*Asks:* 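Handing you this structure, nothing more for now.
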Amino acid sequence: MTILLTGGAGYIGSHVLLCCLEAGHAVVVLDDFSNGSPEALTRVQGLADGQVTTWHGDIRDAALLERIFARHPIEAVLHFAGLKAVGESVANPLAYYDVNVGGSVTLARAMAAAGVFRLVFSSTAAVYGDQAQMPLTETSALGQPSSPYGCSKLMVEQVLADLCAADPRWSVGVLRYFNPAGAHPSGRIGEDPRGVPANLIPYAMQVAVGRRPELAVFGNDYPTPDGTGMRDYIHVMDLALGHLAAMEHLADHTGHHIWNLGTGRGHSVLEVIRGMERVINRPLPWKLAPRRPGDTAQCWADPARAATDLGWRATRGLDEMLADHWRWQAQNPEGYQS
Ligand code: NAD
Ligand code: UDP
């Protein structure tokens with residue numbers, strides 16, 4: 001079938017694109033390349049056969065969306081396009097509400113006008129806010145996200161829930177990602193952050209490749225076994241396959257569905273550093289730094305609902321994630337500019 005993938009040139013979207021092609025789907029990509037690369041699309045097409053049509057444009061452009069839906073027999077939409085930098089969202093909240101919330105509303109309106117009601121949305125574990133009780137289930141109380149970015153994702157979840165309540169034709173899957181990392185094992189596609197990486201693993205990779213002198217560990221006085229923050233890192237290929245499973249499930253399940261996509265296991269910052277050192281086979285320079293404002297001590301998923309409903313579970317662990325991420329980084333030290 002034909003799938004519209006918004007943000008398909010980005011980190012997660014490009015891996016999902018590859019999985020869609022491998023599953024035999026035709027894919028229409030809509031991306032404004034503000035944080036994605038046309039090179040990612042070229043490389044995906046070097047890894048898999050199949051039909052990709054690319055539209056360079058903005059998800060907020062209603063006329064463009066109308067043209068795309070008129071031109072292609074789209075049956076489902078996987079919606080990745082959006083802004084994702086937490087710090088930038090604090091400095092420029094309007095851009096985040098405009099692109100993430102406004103863009104999603106424009107997309108949903110265009111879908112309904114075209115008679116397309118199957119949507120998978122990229123949300124985040126940040127909607128749970130700061131919780132003491134782990135693991136997080138989809139029924140855990142929602143917290144106050146610590147940034148406009150997190151708030152924008154929570155708002156879209158609510159918009160989509162309201163839409164499903166108002167119109168029974170909708171089938172919506174909200175996927176709450178934990179911490180995506182890793183890359184396709186070919187090393188041809190991967191995460192290519194613009195500017196200084198905000199996340200642990202991409203930052204550590206740039207230290208390992210010599211682009212940055214050392215990693216700062218943000219606090220070692222959290223109530224965790226070694227005092228550093230714990231997260232549920234999930235391999236981007238596992239995450240990508242979760243999207244296909246959700247999309248298939250939605251074909252015969254209407255309504256609003258939420259699934260955690262995580263492994264169910266937390267790893268501390270120091271465990272990630274030790275894993276990196278095993279992969280690069282040398283010490284990784286790091287120093288202790290103060291806590292980062294807004295950080296939570298720990299966050300990991302209960303992924304049982306996705307296993308039961310979708311038959312999906314993450315199969316790749318931290319070492320494989322770091323090895324695959326490192327292969328991409330080592331082969332492409334400057335990302336797609338290399
Ligand atoms: P990314 O920035 O690599 O990909 C997003 C893509 O959307 C980029 O190619 C960008 O050019 C495109 N885009 C941005 N604004 C657009 C617009 N207005 N119109 C059209 N295209 C636009 O990000 P990613 O890491 O691949 O994340 C994908 C989605 O998953 C995002 O919605 C993000 O918020 C969400 N998410 C990501 C993470 C993570 O850690 N990477 C975690 C939770 C949720
Ligand atoms: N972290 C760190 N140094 C960095 C980036 C992150 O010590 O340069 C820590 C951070 O405090 C958290 C964990 O690594 O405990 C994961 O952070 P990341 O930003 O990757 O994910 P998020 O906090 O958004 O879940």
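Indexing begins at 1, ligand by ligand and atom by atom, following the structure's order. Note that this is a predicted model, so its numbers are computed, not measured.
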*Asks:* Which of the numbered atoms in ligand 1 are below 4.0 angstrom from a heavy atom of Phe33?
*Replies:*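 In order of numbering, the contacting atoms are 11 (O).
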*Asks:* Answer with yes or no whether Ala40 contacts ligand 1, where contact means a heavy atom under 4.0 Å from a ligand atom.
*Replies:* no
*Asks:* Just jot down the ligand 1 atoms closer than 4.0 angstrom to any heavy atom of Ser123, in number order.
*Replies:* 43 (C), 44 (C)
*Asks:* Using distance alone, determine whether Leu83 and ligand 1 share an N or O pair under 3.5 Å.
*Replies:*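 N/O-N/O distance under 3.5 Å: no.
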*Asks:* With only distance considered, is Ile201 within less than 3.5 Å of ligand 2 through an N or O on each side?
*Replies:* no
*Asks:* Could you tell me if Glu88 and Tyr96 have a donor-acceptor pair between their side chains, going purely by distance under 3.5 Å?
*Replies:*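 Yes, side-chain donor-acceptor contact under 3.5 Å.
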*Asks:* We want to know whether Thr263 and Asp232 form a side-chain donor-acceptor pair, criterion being a heavy-atom distance below 3.5 angstrom.
*Replies:* yes
*Asks:* Find all atoms of ligand 1 within a distance of less than 4.0 Å from any non-hydrogen atom belonging to Gly57, and give their numbers and elements.
*Replies:* 19 (N), 20 (C)
*Asks:* For ligand 2, note which part of Val272 has a heavy atom under 4.0 Å away: side chain, backbone, both or neither.
*Replies:* neither
*Asks:* Heavy-atom contact under 4.0 Å between Tyr233 and ligand 2?
*Replies:* yes
*Asks:* In this structure, which one of Arg43, Arg188, Arg327 forms a side-chain hydrogen bond (donor to acceptor under 3.5 Å, both in side chains) with Asn332?
*Replies:*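 With Asn332 as partner, side-chain hydrogen bond (donor to acceptor under 3.5 Å, both in side chains) holds for just one option, Arg43.
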*Asks:* List the closest protein heavy-atom neighbour of atom 15 (O) of ligand 2: residue, atom name, distance to the nearest 0.1 Å.
*Replies:* Gly229 CA, 3.5 Å
*Asks:* Which distance, rounded to the nearest 0.5 Å, do you find between the CD of Gln51 and the CG of Leu21?
*Replies:*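 These two atoms lie 9.5 Å from each other.
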*Asks:* Under 4.0 Å from a heavy atom of Ser34: which atoms of ligand 1 are those, numbered in the order shown and with their elements?
*Replies:*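 Those qualifying, in numeric order: 10 (C), 11 (O), 13 (N), 14 (C), 15 (N).
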*Asks:* So if I count the atoms of ligand 1 from 1 in the order they appear, which ones are less than 4.0 Å from some heavy atom of Tyr149?
*Replies:* 33 (C), 34 (O), 35 (C), 36 (N), 43 (C), 44 (C)
*Asks:* I want to know if ligand 1 touches Asn35 in the polar sense, i.e. an N/O pair below 3.5 angstrom.
*Replies:*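 Indeed, backbone or side chain, Asn35 has an N or O that close.
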*Asks:* Under 4.0 Å, heavy-atom basis, I'd like to know which part of Asn199 is in contact with ligand 2: side chain, backbone, both or neither.
*Replies:* both
*Asks:* With side-chain contact (heavy atoms from CB on, under 4.5 Å) as the test, pick out the partner of Arg176 among Trp259, Tyr128, Phe121.
*Replies:* Tyr128
*Asks:* Any N or O of Gly36 that comes nearer than 3.5 Å to an N or O of ligand 1?
*Replies:* yes
*Asks:* So if I count the atoms of ligand 1 from 1 in the order they appear, which ones are less than 4.0 Å from some heavy atom of Ser122?
*Replies:*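 Every atom of ligand 1 under 4.0 Å from some heavy atom of Ser122: 29 (C), 30 (O), 32 (O), 35 (C).
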*Asks:* Under 4.0 Å, heavy atoms only, figure out whether ligand 2 is touched by the backbone of Thr228, its side chain, both or neither.
*Replies:* neither
*Asks:* Looking only at distances, please establish whether an N/O atom of ligand 1 is found under 3.5 Å from an N/O atom of Pro180.
*Replies:*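 There is no such contact.
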*Asks:* Tell me which one of Pro202, Ala181, Gly7 gets a heavy atom nearest to atom 6 (C) of ligand 1.
*Replies:*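 Comparing heavy atoms across Pro202, Ala181, Gly7, the nearest one to atom 6 (C) of ligand 1 lies in Gly7.
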*Asks:* Say whether Ala9 and ligand 1 are in contact under the criterion: heavy-atom distance to a ligand atom below 4.0 Å.
*Replies:*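 Yes, that is the case, since the closest heavy atom of the residue is under 4.0 Å from the ligand.
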*Asks:* Just to be sure I'm reading this right: ignoring hydrogens, which of Glu191, Lys153, His79, Arg176 gets closest to atom 32 (O) of ligand 1? Compare them by their nearest heavy atoms.
*Replies:* Lys153
*Asks:* Hey, would you say the His325 and Tyr233 ring centroids sit under 6.0 Å apart?
*Replies:*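 Aromatic pair excluded; centres sit 6.0 Å or further apart.
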*Asks:* Do Trp312 and His249 get their side chains close enough for a donor-acceptor pair, meaning under 3.5 Å?
*Replies:* no
*Asks:* Within the 4.0 Å heavy-atom shell around Phe218, which atoms of ligand 2 are there?
*Replies:* 1 (N), 2 (C), 3 (N), 4 (C), 5 (C), 6 (C), 7 (O), 8 (O), 11 (O)
*Asks:* How does Val99 reach ligand 1, by side chain, by backbone, by both or by neither, if only non-hydrogen atoms under 4.0 Å count?
*Replies:*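 Under 4.0 Å from ligand 1, Val99 contributes side-chain atoms alone.
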*Asks:* Answer yes or no: does an N/O atom from Arg292 fall short of 3.5 Å to an N/O atom of ligand 2?
*Replies:* yes
*Asks:* Tell me whether Leu30 has any N or O atom under 3.5 angstrom from an N or O of ligand 1.
*Replies:*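 N/O-N/O distance under 3.5 Å: no.
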*Asks:* Below 3.5 angstrom, do we get any N/O pair linking Ala216 and ligand 2?
*Replies:* yes
*Asks:* Counting only heavy atoms closer than 4.0 Å, does ligand 2 sit against the backbone of Ala125, its side chain, both, or neither?
*Replies:*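 Ala125 to ligand 2: no contact under 4.0 Å from either part.
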*Asks:* Could you find the nearest protein heavy atom to atom 10 (C) of ligand 2 and give me its residue, atom name and distance?
*Replies:*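 I find the closest protein heavy atom is Asp295 OD2, 3.4 Å.
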*Asks:* Closest by any non-hydrogen atom to atom 16 (C) of ligand 1: pick that one out of Ile12, Thr124, Asp32, Asp192.
*Replies:* Asp32
*Asks:* Among all protein non-hydrogen atoms, which one is nearest to atom 9 (C) of ligand 2, and what is the separation to 0.1 Å?
*Replies:*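 So the nearest neighbour among protein heavy atoms is Val269 CG2, 3.7 Å.
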